[in-house]
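Here the structure comes first, spelled out in structure tokens, and everything after it is commentary.
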Amino acid sequence: REALLLAAVSSGILSSGAAAAAKLEVLLAKKPHASAVLSEEAQQALKALQREQAAASACATIAAAPTDGNGAVARSSLVIPSAEIVTLADALGTSKKKQAGSTKGSPVLRGAVKETPEERKRREERLRRFNSPAATASSSPKASAPPPSRKRAAPGGSVGAVKGTKSRKIAGRKQRQLQMARHWESSSGDSGLVNEGKWPRIVGTCLDLEKSYFRLTSAPNPEDVRPEYVLKQSLEHLKRKWGEGEERANGEEERQKLYLWVSEQFKSLRQDMVVQHIRSPFTVRAYETHARVALENGDLDEFNQCLGCLLDLYKSPLGRKHGHLDEFLAYRVLKALVHHNTHEVTVTLQGLTARQLSGKAARHALQVALAYNAQNYHLFFVLYRDAPNMSAWIMDFLVLRVRKSAWRRMVKAYSPHVPLDFVAHVLAFDDMEDARNFAVDQGAVVVARGGNSMASTTTTTSPHDSIRGGYKKAKDEPAAAAASWLIDTAESRRNLESP
Amino acid sequence: WRMAFALEDLEQAATACDGRVLADRLGMVDLKDQSPKSFPDVSHLLPRAARWMGDATWGDMLAEYLETMQQIGKGDWAEAYKHISAGYLKLLSIFTTEEETSWLMPLVHQTTLDIRVIAGLADEADQSSGMQHLRDCSEKLSKGFSACWNDRTDIRSVESKRRGVVYLVNNCLKTYFRLGTLRLCKNLIKPLEMPMGGRPAMITSDFIPKSELVTYKFYVGRLNVLEDKYAEAEECLQYALANSPSHAMANKRKILTYLVPIKLCKGALPSQALLEKYNLVEFMALTKAVRSGNVRSFNDALLQFQELFIRQGTFLVLEKSKAIVHRNLIKHIDQVDPHKKPQQVNLVKVKEVFDWLGESLALDEIECIVANLIFRGLIRGYVSHSKRTLVLSKTNAFPFDKLKRWD
């Protein structure tokens with residue numbers, strides 16, 4: 001009966017229907033094996049729909065998402081069995097690499113998600129920069145990621161309470177804005193925002209959509225500052241420019257140049273907002289956009305700043321309503337892990353309400369924190385493959401660390417051999433070459449399985465294939481040889497201890 | 001409390017350089033239980049206060065103290081705080097600028113305590129202002145710290161003001177913990193812990209009273225827990241526990257709320273007797289689960305007190321003790337499995353047990369867990385990936401010396 005239902009729903013998907021997709025998702029979560037019933041097309045369509053859905057509104061997806069069987073416990077347990085993630089990931093096909101959520105990252109700007117292999121290639125590229133001798137020597141992203149630069153503000157000056165209240169019926173709105181301003185003011189005691197109190201509040205008159213960034217040393221001229229409505233248009237303009245530029249850009253250098261330009265524009269936009277004491281839903285949007293763009297380009301410094309400001313803005317209920325608190329809470333937790341800052345994770349936990357805790361991204365990030373704490377590399381990479389929004393971009397910085405520690409553990413525990421493809425799968429290597437290089441870097445001694453490596457792939461399939469049905473070998477031709485590679489753990493252990 | 005309050009008393013004490021009497025007279029808060037004292041009306045003394053000791057600074061200081069008493073009498077904590085912080089600043093200026101003022105140390109200590117308690121009360125009374133009193137208090141206290149610390153007198157002499165610095169540091173630490181600004185704690189702890197100029201670290205000196213040292217170790221231990229430095233944390237908290245007076249049950253319980261989780265994730269389980277003695281209900285079910293390796297009841301116990309643990313900041317630490325649960329579970333499986341080959345534990349069986357206990361993990365993840373246990377030395381053996389079994393070593397496969405009971 002369920003099979004029939006699924007078939008009906010899947011055909012419904014082929015025609016249309018976000019609702020059908022959501023329903024199917026729920027069904028899949030409950031009955032993972034049922035995915036086999038779905039036709040191939042239906043699965044593809046479902047995936048495409050899901051990407052679109054995610055692109056459209058992350059919030060809606062979260063609302064429609066299955067409750068993961070954790071029940072309606074007021075404070076949902078963090079102790080969540082990982083099986084559910086595994087089954088979901090398996091059910092929905094190979095790893096959905098970094099589905100850009102509602103981010104303003106380029107895939108969405110362009111209106112289409114990139115092809116998964118390409119996305120994967122780009123990520124591997126990014127990860128390779130950590131493989132450089134310099135990075136491996138320091139063995140911590142501290143080399144590549146400067147510590148957070150939180151700007152400490154003195155208790156802020158009076159946030160300009162009311163802006164542009166023209167009609168009389170806005171009396172209620174005025175009241176709310178005053179309250180909001182007061183609330184924001186009182187909560188900004190130790191904020192990461194640049195000290196607004198330094199600048200007397202002014203209203204700008206400039207109408208430029210693009211403006212370079214100059215560090216202000218004294219109060220600026222109103223003619224140089226853009227008022228809010230101009231800033232809004234400027235933001236749209238920047239998003240467009242960034243999207244187009246990304247598409248046209250060929251090569252890392254051009255992308256870097258484009259990013260530097262966009263980053264400057266964003267900074268001047270933020271500065272204009274600070275100078276005019278603008279704190280509105282638009283502020284939240286602008287900071288979020290900048291944060292995501294910065295994260296996409298690995299600019300942790302700017303990202304830290306934006307994150308600090310955003311956390312301050314989220315203290316007010318208006319900020320929470322118009323911003324994606326869930327998403328950025330997740331980023332906060334993950335960033336804390338990157339900086340070895342467990343206290344920050346604890347503080348985040350303490351500050352969360354039950355409802356916030358059950359947000360999809362926040363929960364994912366907390367599971368990552370628990371997995372990371374316990375050195376559970378398997379769970380870590382499962383979560384890495386299935387990360388919501390742009391969490392995977394931050395987890396990139398943790399990947400090398402976890403891989404190294406995982407390597408040490410695997411080499412110590414397994415004996416006498418462990419298949420290279422298994423290691424590659426567990427450590428989320430999509431490219432066997434990368435896996436092999438990594439292993440060799442760590443001092444692995446790779447031997448071929450007894451017999452010819454090329455010929456009999458059938459006989460040399462590792463028995464774990466049959467146990468773990470969903471596992472697919474990485475790539476076909478080169479892996480035929482790789483599948484028969486084993487890592488001699490005893491030798492590798494010796495190499496590890498005395499490099 | 002006192003029957004009469006005479007300025008002459010104070011004047012006598014001051015001329016005799018008796019800091020203790022002054023502290024006792026001018027103390028706002030009872031030293032034993034940190035509750036505010038009650039004062040008679042001293043408004044009639046205010047006009048004369050300004051001429052106290054014939055010195056304007058001393059007089060002003062006394063005036064502030066008297067005002068504070070007045071406000072406390074009225075129950076207006078915010079006002080009281082204003083006056084006492086002003087008085088504190090004046091006291092510090094006397095303390096640092098005038099010569100031979102180390103006899104004032106008891107008064108400095110007393111006022112430090114007063115200012116912190118009153119700030120706390122003021123914040124409690126006025127919840128909406130968001131801890132502004134405590135924040136202000138922390139600034140004042142750090143001034144007090146520099147006043148004590150920057151004394152050039154040789155520390156070996158009894159006159160040195162540095163000798164009283166630990167009490168101030170403790171109050172600062174307590175304030176920072178209340179406020180949550182833990183990064184400022186480093187600035188206080190580093191100077192104390194660092195050996196300077198060929199001499200050992202100041203914190204190891206023998207003139208520091210034990211009570212101060214215990215409090216200090218407690219806060220430093222807590223800080224270490226938050227920074228994941230478990231070995232140092234254990235040392236500090238253990239010292240604090242061992243050196244607390246035997247009747248101080250509440251204090252020892254506080255120490256244990258941080259010490260038990262650390263030991264738990266190391267594998268040293270508290271005895272039921274210990275938990276009952278200090279009424280540590282939250283750890284009882286948890287310890288039982290760890291001991292028996294019951295993953296389901298471990299998760300349940302953690303969920304039951306999740307709020308409490310998160311508030312205390314020990315949740316992540318306790319999560320780490322899951323490894324011990326796994327170790328015990330595998331040990332039990334090894335003992336109980338009727339069909340097994342000697343010294344081998346079939347991981348598929350382990351997976352079945354996990355499934356039965358409500359935590360269904362993939363086989364690969366179980367391998368990962370076992371790999372972690374082997375790496376940590378909690379299991380001696382190796383995993384055969386192709387056969388999906390854990391092969392245990394013949395001798396001492398589950399080393400016990402890693403786990404110890406303690407009470």
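The structure displayed is predicted, hence computed values, not measured ones. Letters A, B, ... are given to chains in the order of the sequence lines, protein chains preceding strands, and every chain is numbered from 1.
- Remark: B:Phe309 pairs with B:Phe283 by the ring-ring contact (aromatic ring centres under 6.0 Å, His included) rule, at least two apart or across chains.
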Are B:His326 and B:Phe354 close enough, and set up right, to give a ring-ring contact (aromatic ring centres under 6.0 Å, His included), and what steps lead you there? CA-CA 10 Å; B:His326 293 149; B:Phe354 267 92; 5.4 Å; yes
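- Comparing A:Val411, A:Asn373, A:Thr346 by heavy-atom pairs within less than 4.5 Å of chain B, the highest count is held by A:Asn373.
- Shown here is B:Lys254, whose NZ atom has no more than 12 heavy atoms of other residues, nucleotides or ligands within 6.0 Å.
- Looking at B:Leu182, the atoms closer than 4.5 Å to chain A (heavy atoms on both sides) all sit in the side chain, from C-beta outward.
- Residues A:Tyr414 and B:Tyr382 place their aromatic rings such that the two centres sit no closer than 6.0 Å.
- If you measure heavy-atom distances from B:Gln312 to chain A, the contacts under 4.5 Å come from the backbone alone.
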